[in-house]
Protein chains: 2
Amino acid sequence: MTTVDHLRQVRLGNLRTVLLALVDRPGSRADLAARTGLTKATLSNLTEPLLANGILVEEPATLAGMGRPSKPLRFHPGGPVAVGAEINVSHLAVETLGLDGETIRRHLVPADIRDSTPDEVLDRVAELIRDITPARPLLGVGLAVPGVVHDGVLVRAPNLPKLVGSPLADDLRRRLDLDVELDNEANLAALAHLWPRHLAGEDFVHVSADVGIGAGVVINGEVYRGVSGFAGELGHVVIERDGVRCTCGGRGCVERYAGLDVILREAGRRRLDSLAKALEAGDPKALAAVGAAGAALGVGLATLMNLFDVPTVVLGGSYAVLHEHLSTAVQSEMDARVLAGGERHTSLVASPLGEFAVVRGAAGLITRRAVHQPERLFA
Amino acid sequence: MTTVDHLRQVRLGNLRTVLLALVDRPGSRADLAARTGLTKATLSNLTEPLLANGILVEEPATLAGMGRPSKPLRFHPGGPVAVGAEINVSHLAVETLGLDGETIRRHLVPADIRDSTPDEVLDRVAELIRDITPARPLLGVGLAVPGVVHDGVLVRAPNLPKLVGSPLADDLRRRLDLDVELDNEANLAALAHLWPRHLAGEDFVHVSADVGIGAGVVINGEVYRGVSGFAGELGHVVIERDGVRCTCGGRGCVERYAGLDVILREAGRRRLDSLAKALEAGDPKALAAVGAAGAALGVGLATLMNLFDVPTVVLGGSYAVLHEHLSTAVQSEMDARVLAGGERHTSLVASPLGEFAVVRGAAGLITRRAVHQPERLFA
DNA sequence: CGCACTAAGTTCAAGCATTGAACGAATGAG
DNA sequence: CTCATTCGTTCAATGCTTGAACTTAGTGCG
């Protein structure tokens with residue numbers, strides 16, 4: 001590390017600070033200086049290359065009050081964008097996201113890819129991405145998959161066994177000639193509630209269900225990934241040590257009581273929307289199935305909250321759809337079991353992001369990286 | 001933040017890097033330069049005030065090989081020291097620790113303080129500290145207590161109700177006229193396995209038992225504290241949703257199956273050493289009690305490991321004493337339940353620190369803070 | 001004994017990002 | 001038209017690391 005490097009680090013750090021302030025909201029140089037604690041001089045200096053490179057634009061001028069009018073800066077409407085993509089058991093989704101946090105376009109297509117080869121899937125994903133990509137510089141692609149990811153490879157995915165082991169990130173990178181970052185859908189869904197806007201505070205768990213149950217834990221505004229990206233395996237938290245056998249080899253895992261497949265089976269339904277209708281109509285079997293799942297989930301979540309010390313739970317994915325009929329049981333188990341030492345209280349909310357949470361998180365991964373490592377913007 | 005501040009930050013960061021290298025082992029300026037990536041010039045500059053202030057000493061010279069002999073630098077034998085203190089149900093302990101990581105003196109006295117007032121306890125602690133404090137500058141006191149700590153106050157301590165709510169840190173500070181930092185014993189026991197030397201890798205959970213069960217989770221070389229210092233409440237992880245009632249209001253908490261009180265009761269013993277003797281003698285009742293506790297603990301630990309994605313468990317405190325008879329059952333539950341996706345394997349080890357782990361961690365908290373915030377060394 | 005060789009540690013001018021104060025620019029109020 | 005006010009830019013000063021040159025202090029060999 002040379003001294004020049006040290007100083008460069010300071011500059012990059014300040015650049016990040018400024019960009020973060022701009023993600024929050026646009027502002028003039030003077031305003032940004034006030035918000036970041038830097039001086040006006042530094043702000044002129046830092047924003048100059050951002051304007052020159054088409055990352056920011058200077059708006060005409062704001063005529064308000066006395067003094068010289070300010071010319072607010074904001075992200076350039078033709079500036080770089082990030083792409084998010086999601087591969088899931090029953091659908092594919094793509095989204096483009098600007099640095100300002102606005103969704104540009106999004107697209108979700110049903111698709112049963114359980115029997116497809118990795119090449120077939122990636123071909124379709126690449127096509128979807130090309131279809132929605134605007135004529136603007138591209139920062140890269142975030143790719144979400146339902147399973148454990150390590151080093152750009154899907155290493156474990158009970159529901160997509162055919163994709164396990166392929167270098168998905170590299171293969172998609174080759175197809176598009178773009179940076180591709182592979183990550184787990186649970187982590188990305190959690191990230192979507194955190195970036196570019198905080199939707200559930202600085203600390204929360206995002207829980208969603210397909211066949212498995214994934215939890216993304218957010219602590220201090222960061223997704224907690226654990227040592228090997230394995231963290232948050234809520235599905236295999238034990239709630240009955242001698243309970244039902246689980247595919248993982250253990251017994252009594254939450255997944256065997258609150259997984260979506262279990263809920264549907266117990267309710268005698270085949271698909272989520274049919275279950276939702278039955279609940280709406282007050283079908284007792286459906287209500288009982290969801291209630292039982294909620295209780296089991298609540299026990300598992302209480303354990304998680306006691307270990308991670310997180311106050312908020314966000315129900316996402318299928319759980320968000322079932323939220324209304326699920327949350328009573330979840331909340332009551334949580335209230336009974338989470339240590340209320342001091343002034344703690346647990347809050348339980350449904351995700352506002354709907355079915356696009358994962359793909360938005362995937363795109364957000366890329367815009368976030370660009371803001372945190374501003375040198376990438378000048379490539 | 002002025003620019004001067006920025007530059008000062010760079011300097012302090014480099015100072016930290018150098019001190020960390022020295023905690024690892026002594027070395028000449030040239031050696032340190034090589035190890036830290038800084039230049040020899042910077043090292044001369046950085047170490048000059050450390051030598052002037054009696055933090056470091058320059059050793060005579062090492063005559064080895066060709067070239068000008070190097071004069072290794074190490075922490076001054078008369079330099080500042082940290083004090084650790086532990087308040088527990090059945091004993092008090094104190095230890096003094098140098099920046100080099102060497103224990104200077106330690107002392108552990110049995111004491112039943114369950115009925116003592118905070119003032120009585122702190123008087124005794126202050127006396128113990130004065131007894132072992134060497135005639136060297138003092139960096140501060142780390143104070144360990146069995147319970148949840150918030151802002152220098154013990155806010156929850158089922159086993160020491162009389163101390164709850166007193167400003168222990170402030171009261172001890174007043175007695176000694178020293179900085180006092182209060183923390184939870186589980187966190188500090190974990191820290192002791194991490195600082196000043198890594199005894200169990202970069203990522204592990206340290207588990208120990210008294211009446212409750214405390215876990216200190218270490219991720220990436222940092223103690224994970226959670227949002228409000230509550231993290232790692234392994235005792236209230238649920239292993240049987242409809243199991244035994246717990247003081248926390250829930251049911252089936254690990255604590256009710258693997259707590260030390262439960263083990264002793266089931267084994268028909270009153271004290272840990274008596275239990276240990278019975279185990280040695282092969283007493284079936286004792287063996288059964290410990291085996292059952294181990295199984296329950298293993299289930300809870302599997303849940304914790306699936307959530308935190310940590311590969312190693314360190315058994316400390318009473319569990320370390322029982323380790324030989326406990327680990328088989330623990331390990332077998334862990335093996336059965338922890339997701340072995342990919343190449344994961346769980347390892348289970350006994351703490352090498354014995355009964356001084358907590359108090360050593362308490363002192364380590366202070367030396368670590370001094371190294372991480374080197375400006376404190378010049379106060 | 002002396003000279004070449006090696007490595008440790010020091011000295012010093014150069015380089016760099018931020019700062020703060022001074023300055024120029026653009027508008028509203030009276 | 002002039003003053004007050006706020007925005008944005010310019011520029012010398014600051015303080016830290018750097019790298020190269022230099023000094024110091026030994027070893028090895030003839």
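Reminder, nothing fancy here: chain letters follow the sequence lines and each chain counts from 1. Only heavy atoms go into these numbers, but all of them, side chains included; no hydrogens, no water, no symmetry mates.
The CG-P distance, from B:Leu15 to D:dT17, rounds to 9 Å in whole Å. Distance B:Glu48 CD to C:dG9 C1': 13 Å, rounded to the nearest Å. For the pair A:Leu43 CG and C:dA17 P, the computed distance is 15 Å after rounding to whole Å. Atoms CG (A:Leu38) and C1' (C:dT19) sit 11 Å apart, rounded to a whole Å. For B:Gln9 and D:dG15, the CD to C1' distance is 14 Å, given to the nearest whole Å. The distance between atom CG of B:Leu46 and atom C1' of D:dT18, rounded to the nearest whole Å, is 13 Å. Taking atom CZ of B:Arg16 as the reference point, atom C1' of D:dC16 lies 16 Å away to the nearest angstrom. When rounded to the nearest whole Å, the span between NZ of B:Lys40 and C1' of D:dT24 equals 11 Å.
Counting heavy atoms from C-beta on, the side chains of B:Leu172 and B:Leu143 come closer than 4.5 Å. In this structure the side chain of A:Arg173 never reaches within 4.5 angstrom of the side chain of A:Leu178, judged on heavy atoms.
Residue contacts shown for B:Ser44 include a base, since a base heavy atom lies under 4.0 Å away. Residue contacts shown for A:Ser70 are limited to sugar-phosphate atoms, with no base heavy atom under 4.0 Å away.
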Show the distances under 3.5 angstrom between N or O atoms of the protein and N or O atoms of nucleotides 2-6 of chain D.
unit_1	atom_1	unit_2	atom_2	d
D:dT5	O2	A:Gly67	N	3.3
D:dT6	O2	A:Arg68	N	2.7

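Atoms CD and CG, on B:Glu375 and B:Leu12 in that order, are 5.0 Å from each other to the nearest 0.5 Å. In this structure, CZ on A:Arg74 lies 10.0 Å from CG on A:Leu56, to the nearest 0.5 angstrom.
For A:Thr39, whose side chain is taken as the heavy atoms from C-beta onward, the closest listed nucleotide among C:dC12, D:dC16, C:dG20 is C:dG20. Of the candidates C:dT18, D:dT17, D:dA20, D:dA20 carries the atom nearest the B:Ala41 side chain, counting heavy atoms from C-beta on. Checked against D:dG8, C:dT18, D:dT18, the side chain of A:Arg11 finds its nearest nucleotide in C:dT18.
In terms of phosphate contacts, B:Asn45 brings no side-chain nitrogen or oxygen within less than 4.0 Å of OP1 or OP2 of D:dC16. Contact check, B:Asn14 against D:dT17: a side-chain N or O comes under 4.0 Å of OP1 or OP2.
Only one option out of B:Leu19, B:Val18, B:Leu50 pairs with B:Pro374 in a side-chain contact (heavy atoms from CB on, under 4.5 Å); it is B:Leu19.
A centroid separation of less than 6.0 Å is found between the aromatic rings of A:Phe308 and A:Tyr224.
Pairs of residues two or more places apart, or lying in two chains, that qualify as side chain to side chain donor-acceptor pair (under 3.5 Å) and include a residue from residues 188-197 of chain B are B:His193-B:Ser351, B:Trp195-B:Thr367.
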